[in-house]
Amino acid sequence: VSDTDIRRQRIARAVALEPVDRVPVVLEGVAWSARVTGMTLAKFLSDPLLATQANIDAFRAIGDADAVNNPTFAAASLNFLWMTKVKKPGEDLPEDEPWQVEESGLMQPEDYDRIVAEGWGPFQAAYLNERVGPGKFEEFIAFVQGTPAVVAKANEADMPFLSVGVLTTPFEYLCGGRSFSQFVFDLFRIPDKVEQAMQAMMPGLCDAGIGLSKAVGAPGIWIGGWRSASKMLSQPLWDRFVFPYLENIVHQVAAAGITPILHLDSDWTRDLARFRALPAKTCILSLDSMTDIRKAKEVLGDHMCIMGDVPPGLLSSGTPDQVYEHSRSLVADIGPTGYILQSGCDIPVDAPMENVEAMVRAAHGG
Amino acid sequence: MREDYMAEEGLTRAIVEMREDDALAIVERLLEKGFPSTAVLERAREAMVLLGERFELGEVFVPELIMGGEIMKAISERVKPLISAETSQGKRGTIVIGTVAGDIHDIGKDIVVLMLDVNGYEVHDLGIDVAAERFVEAIRSHQPQVVGLSGLLTLAFESMKKTIEAIAAAGLRDQVMIMIGGSPVDQQVADYTGADGWGRDAAAAMSLAAGWTKGA
């Protein structure tokens with residue numbers, strides 16, 4: 001059994017809530033991987049294989065991590081998930097400045113009818129090209145088609161990864177496309193129309209992500225949630241427009257034998273108990289330090305693996321000792337079983353190497 | 001005391017319950033009956049204050065604040081032209097606020113602006129991706145007691161620090177109290193940037209502003 005297999009098994013055992021020799025630790029590096037390996041962010045975004053190389057180099061430099069969250073990255077993924085433009089380094093921003101999602105409300109209220117009439121897949125393809133930019137759909141497809149090469153490179157470098165496919169809920173796709181404020185107006189002014197569109201989006205929503213993950217042997221799929229967090233929405237809105245869809249997606253992914261990785265930004269504490277309706281010992285709940293992770297352990301510790309949540313601010317501006325102490329307290333309180341140590345969301349681009357090393361060291365207890 | 005507001009044909013309640021069409025219809029009826037325009041606006045403002053209080057208690061959420069603000073805006077646009085001589089009410093204080101350079105997030109900042117505005121502050125919103133020099137210029141021209149620096153990215157910490165340094169270099173640091181806000185901020189970030197206080201939501205911003213503008 002190779003060291004790489006041992007790392008993979010350690011993570012699989014954490015997901016299944018089985019005993020582990022130590023808490024696994026995963027890097028969600030993205031822009032940080034580029035910065036810490038001396039690659040400009042413009043170059044990092046220019047080619048998914050270069051992004052993979054940056055992740056490999058960062059993973060090797062750190063040495064003792066068990067996996068990376070995703071072996072590569074492309075701005076096209078953000079276009080796809082947010083249904084909007086992304087300001088990119090080297091194009092709209094200086095060479096080494098982090099990309100930013102530009103939430104500008106490209107989707108119009110009449111698009112809800114179009115989604116119902118055309119179906120989500122055809123609508124999204126046309127929308128990306130018409131509103132986000134010419135060729136944006138093809139850019140995303142090219143990125144997806146490059147996944148086998150990315151996976152081969154990661155495997156060759158003995159860098160385990162959790163996922164390659166990304167998905168989100170109808171709420172997030174529509175909210176990103178409309179912009180948060182405009183989408184909020186829709187939820188109050190035309191709730192039935194929004195609901196019809198959401199329902200029309202569900203058939204086939206997960207198919208491409210599941211197919212891709214199966215084809216390349218990826219263990220999990222990244223399922224994101226950010227604006228649909230419990231902290232952002234009243235209970236009636238969340239119950240009607242968020243959870244039924246999230247639950248459906250998670251069940252579809254799990255039924256395909258793939259680990260749903262619930263990447264949940266912001267605070268979901270209020271609704272943690274609802275996650276008990278998701279398949280047991282199958283999912284990863286990835287928190288960004290805004291959800292009460294200790295409460296998550298109390299409510300869901302016997303039901304799903306928890307991942308996170310060293311605060312980005314601490315990784316960015318804390319000392320290695322502070323990061324180590326914080327990470328050790330997470331290992332003690334949330335581990336040892338059913339827990340994966342990770343940053344809360346991405347490792348910030350400006351996090352010093354020593355701070356990430358301190359987080360990884362904490363998983364080893366040394 | 002809150003029950004008094006219901007007397008104005010449920011305007012406050014309609015806004016609080018997000019019934020936009022009802023709220024605007026009530027405004028029309030009140031105006032037809034000769035209800036003073038300024039009083040209509042005041043009822044709407046009180047509804048927003050009530051929403052803000054409920055937000056602090058966790059009873060309403062960001063969408064309700066945004067939608068409430070939208071209804072308030074519609075009422076304001078309808079009523080303000082009717083107000084011949086705008087009564088200049090005493091303001092609780094002056095605040096300059098913006099999302100710092102390199103960061104384009106505005107939802108949190110906009111809610112802070114809305115809540116400060118309806119609570120009687122004169123708010124100068126500089127928008128997003130605001131360069132340090134623009135904060136300095138705004139402090140010179142508006143003479144605020146409080147400056148709010150917003151940011152969602154950890155990269156914003158560096159911009160916040162540079163902005164506060166620029167304010168100090170311009171000799172204006174002693175004139176203003178500076179708060180930083182956004183979900184990744186904490187005391188450590190406040191110490192790093194040199195801010196006087198920090199908060200993660202509108203309630204925290206309100207509390208800081210109230211403390212710093214007492215007697216202003």
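These values consider heavy atoms only, across backbone and side chains, with no hydrogens, waters or symmetry-generated copies. In the text below, chain A, chain B and the rest are named by the order of the sequence lines, each starting its count at 1.
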Engineer: Heavy-atom distance under 4.5 Å to chain A: side chain of B/E64, backbone, both or neither?
Structural biologist: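 Answer is both: backbone and side chain atoms of B/E64 are under 4.5 Å from chain A.
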Engineer: Would you please go through residues 183-194 of chain A and name the residues with a non-hydrogen atom below 4.5 Å from one of chain B, in numerical order?
Structural biologist: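 Within residues 183-194 of chain A, the residues that come under 4.5 Å of chain B (heavy atoms only) are A/V184, A/F185, A/F188, A/R189.
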Engineer: How would you list all residue pairs meeting side-chain hydrogen bond (donor to acceptor under 3.5 Å, both in side chains) that involve residues 308-317 of chain A, not counting sequence neighbours?
Structural biologist: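 Qualifying pairs, neighbours excluded: A/S316-A/D350.
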Engineer: Only pairs of heavy atoms separated by less than 4.5 Å count here; which of B/E20, B/R200, B/E158 has the most with chain A?
Structural biologist: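 Between B/E20, B/R200, B/E158, the count favours B/E20.
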Engineer: Chain A heavy atoms under 4.5 Å from B/R19: which part of the residue, side chain, backbone, both or neither?
Structural biologist: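 When you check distances to chain A, no heavy atom of B/R19 falls under 4.5 Å.
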Engineer: Counting only non-hydrogen atoms closer than 4.5 Å, can you tell me which residues of residues 164-174 of chain B sit against chain A?
Structural biologist: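 Against chain A, none of the residues of residues 164-174 of chain B fall inside the cut-off of heavy atoms under 4.5 Å.
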Engineer: Would you say the side-chain atoms of B/E70 pair up with the backbone N or O of A/Q182, donor to acceptor, closer than 3.5 Å?
Structural biologist: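 No, the answer is negative, given that no donor and acceptor are paired below the 3.5 Å cut-off.
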Engineer: Can you name the salt bridge (charged side-chain N to carboxylate O under 4.0 Å, His left out) partners of A/K231, sequence neighbours left out?
Structural biologist: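 Scan of A/K231 (salt bridge (charged side-chain N to carboxylate O under 4.0 Å, His left out), adjacent residues dropped) gives none.
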Engineer: As an exercise, state the distance from CG of B/D129 to CD of A/Q100, rounded to the nearest 0.5 Å.
Structural biologist: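 Going from CG on B/D129 over to CD on A/Q100, the span is 7.5 Å.
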Engineer: Heavy-atom distance under 4.5 Å to chain B: side chain of A/S104, backbone, both or neither?
Structural biologist: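 Contact with chain B involves no heavy atom of A/S104 at all.
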Engineer: Given that the side chain runs from C-beta out, which part of A/P311 has a heavy atom under 4.5 Å from chain B: side chain, backbone, both or neither?
Structural biologist: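 No part of it gets close to chain B.
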Engineer: Examine whether an atom of B/V62 lies under 4.5 Å from a heavy atom of chain A, and if so say whether it belongs to the side chain, the backbone or both; otherwise answer neither.
Structural biologist: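 Looking at B/V62, backbone and side chain both touch chain A.
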Engineer: Looking at every heavy atom in both B/P63 and A/F180, which two are closest together, and how far apart are they?
Structural biologist: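 Heavy atoms of B/P63 and A/F180 come nearest at CG-CZ, 4.3 Å.
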Engineer: Between A/L237 and chain B, which part of the residue has a heavy atom less than 4.5 Å away: side chain, backbone, both or neither?
Structural biologist: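 For A/L237, the side chain is the part near chain B, not the backbone.
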